[in-house]
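Okay, structure first, notes after.
We use all heavy atoms of the structure for the numbers below, so side chains are in, but hydrogens, waters and symmetry mates are not. Chain letters run A, B, ... following the sequence lines, proteins first and then strands; every chain starts at 1.
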2 protein chains.
Amino acid sequence: MTWLDDEQQHLWRRWLLLTTRLPAALNRQLQADSDLSLADFDVLVKLSETDGGRVRSRELCAALGWEKSRLSHHLTRMGARGLVERTGAAGDARGSDVVLTPAGRAAIEAAAPAHVDTVRELFFADLTPAQLQALTALTDRVLDRLPD
Amino acid sequence: MTWLDDEQQHLWRRWLLLTTRLPAALNRQLQADSDLSLADFDVLVKLSETDGGRVRSRELCAALGWEKSRLSHHLTRMGARGLVERTGAAGDARGSDVVLTPAGRAAIEAAAPAHVDTVRELFFADLTPAQLQALTALTDRVLDRLPD
DNA sequence: CCCGGTTTGGTGACGTGTCAACGACAGCGG
DNA sequence: CCGCTGTCGTTGACACGTCACCAAACCGGG
């Protein structure tokens, strides 16, 4: 077996740190400012992007890249906080539509500006166009290589 | 408020995807091959790197960058599986030493080779030295900017 | 029409991570 | 020596994700 060399090992540890700390920092900001989690935010964004804030469950799953059970659990929690509602789907009695409530729409609209500012400040600040393209290439390559 | 531009938005979504999918893939490999989680692996690595596999709890916290309560919960679970043990610390009756059991040492030694191979295959494959350095610079810059 | 496989969504159990609070001890100034 | 403050580690409540499983409805071929 070959271990990683020093440079690789350094990068790997920094990477692991970054991929836990950055989401954690964003989560804290979102939680403190708007009482939403990153996951809540993603769901609300997808809902607010559609006409009427109404989306079929399995389409939400696909759009978010989530497992259905994860979405179901999450919607239950968000429903309890009045951000979304579940209604029977039109045309397929198995299905279920997720609807953005007025409170949910208000929450996402209130949360978005500060969140975007934080993302830009923590991640995009001082990122040169060249770095941006390099990183895009990297993420695309690794994602392609991933099973699934 | 200014939203992100198209390139930034693309990168941001890919980034979010990558930082959830890559750890998930590594987790599944570790779990399937060795019945360990990534967190288990990190703990075992730190323990196995020290003489006698015995470390003071708060040093483990610092080394891993974890919160103390997280470590405590995790050690409870790992203890139940026979991977580690807790003993009173020498010299400070408040403290607690974590000790690697023979089973824990066997587990980490069995798991390491396949895990490193997976990391190399999924992340480092085809990563040029230039990309490696660019990415290192990026992670360092973002981490420096992070609160905490 | 019926029957079997598939799709859709939900549930329970479990491992995981955070936060707030606590009890026990250490260490220090009076 | 006493008491105050900080440190160390644990615990309980809760949010989060995954897995295995299930029930209902759909849909195709016979």
Side-chain angles (χ1 to χ4, degrees), chain A residues 16-17 19-32 35-43 55-81 83-99 148, chain B residues 16-17 19-32 35-43 55-81 83-99 148:
Chain A
L16 289 178
L17 209 56
T19 55
T20 53
R21 292 289 168 83
L22 182 55
L26 294 173
N27 239 317
R28 269 192 294 275
Q29 174 268 320
L30 211 48
Q31 201 77 54
D35 201 41
L36 294 175
S37 69
L38 263 184
D40 297 335
F41 190 84
D42 287 346
V43 170
V55 180
R56 186 69 182 272
S57 267
R58 56 169 202 43
E59 289 175 10
L60 247 188
C61 274
L64 292 165
W66 286 11
E67 299 200 6
K68 56 191 179 170
S69 75
R70 175 182 178 185
L71 180 64
S72 181
H73 284 304
H74 208 98
L75 290 178
T76 301
R77 291 187 292 262
M78 292 180 73
R81 290 192 288 149
L83 299 172
V84 299
E85 274 175 4
R86 278 197 252 236
T87 73
D92 188 336
R94 290 170 303 183
S96 159
D97 280 355
V98 185
V99 188
D148 204 20
Chain B
L16 288 177
L17 208 56
T19 56
T20 53
R21 292 288 168 83
L22 183 56
L26 293 174
N27 237 317
R28 269 193 291 274
Q29 176 268 321
L30 256 184
Q31 201 76 55
D35 201 42
L36 293 176
S37 68
L38 263 184
D40 297 334
F41 189 84
D42 288 345
V43 170
V55 180
R56 185 70 182 272
S57 268
R58 57 169 193 51
E59 289 175 11
L60 248 188
C61 274
L64 293 166
W66 286 11
E67 299 201 6
K68 55 191 180 171
S69 74
R70 176 181 178 185
L71 181 64
S72 181
H73 283 305
H74 209 98
L75 290 178
T76 301
R77 292 186 293 261
M78 291 180 73
R81 291 191 289 148
L83 299 172
V84 299
E85 274 175 4
R86 280 196 251 235
T87 73
D92 189 336
R94 289 169 303 181
S96 158
D97 280 356
V98 186
V99 188
D148 207 17

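Here dG10(C) presents its C1' atom at 9 Å from NZ of Lys68(A), a figure rounded to the nearest Å. In this structure, CD of Glu85(A) is placed 17 Å from P of dG9(C), rounded to the nearest angstrom. Residue Asp97(B) contributes atom CG, which lies 8 Å from atom P of dG9(D) at whole-angstrom precision. Here the P atom of nucleotide dG10(C) and the CG atom of Leu71(A) are 8 Å apart, to the nearest Å. The distance between atom CZ of Arg58(A) and atom C1' of dT6(C), rounded to the nearest whole Å, is 13 Å. Glu59(B) has its CD atom 14 Å from the C1' atom of dG9(D), to the nearest Å. Here dC16(D) presents its C1' atom at 19 Å from CZ of Phe41(A), a figure rounded to the nearest Å. With rounding to whole Å, Asn27(A) atom CG is found 13 Å from dC19(C) atom C1'.
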Tabulated below should be each protein N or O lying under 3.5 Å from an N or O of nucleotides 23-28 of chain C; please produce it.
residue, atom, partner, partner atom, Å
dA26(C), OP1, Ala93(B), N, 3.4

Short heteroatom pairs, N/O only, protein and nucleotides 15-18 of chain C, under 3.5 Å:
residue, atom, partner, partner atom, Å
dT16(C), OP1, Ser37(B), OG, 3.2
dT16(C), OP2, Arg77(B), NE, 2.6
dG17(C), OP1, Arg70(B), NH2, 2.9
dG17(C), OP2, Arg70(B), NE, 3.2
dG17(C), OP2, Arg70(B), NH2, 3.2
dT18(C), O4, His73(B), NE2, 3.2

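Residue Ser96(A) is classed as a sugar-phosphate contact, given heavy-atom separations below 4.0 Å to backbone atoms only. Within the nucleic acid shown, Ser57(A) comes within 4.0 Å of sugar-phosphate atoms alone, with no base atom in reach, counting heavy atoms only.
Considering only heavy atoms from C-beta on, Leu26(A) stays 4.5 Å or farther from Phe41(A) through its side chain. The shortest side-chain heavy-atom distance between Leu60(B) and Arg56(B) does not fall under the 4.5 Å cut-off.
Here OG of Ser69(A) is found 12.5 Å from NE2 of His74(A). Values are rounded to the nearest 0.5 Å. Between the OG1 atom of Thr87(A) and the CG atom of Asp97(A) there is a distance of 4.5 Å, given to the nearest 0.5 Å.
Remark: Arg86(B) is in phosphate contact with dT10(D), judged by side-chain N or O atoms under 4.0 Å from OP1 or OP2.
What you find for Met78(B) and Asp40(B) is that their closest heavy atoms are CG-OD1, 3.6 Å. Contact detail for Ala39(B) and Arg70(B): the closest heavy-atom pair is CB-NH2, 4.2 Å. Heavy atoms only, all atoms of each residue included: Leu71(A) and Ser57(A) are closest at CD2-O, 3.5 Å. When all heavy atoms of Ser96(B) and Arg86(B) are compared, the pair lying nearest together is OG-CD, 3.9 Å.
In this structure a side-chain-to-backbone donor-acceptor pair under 3.5 Å is present from Asn27(B) to Leu38(B).
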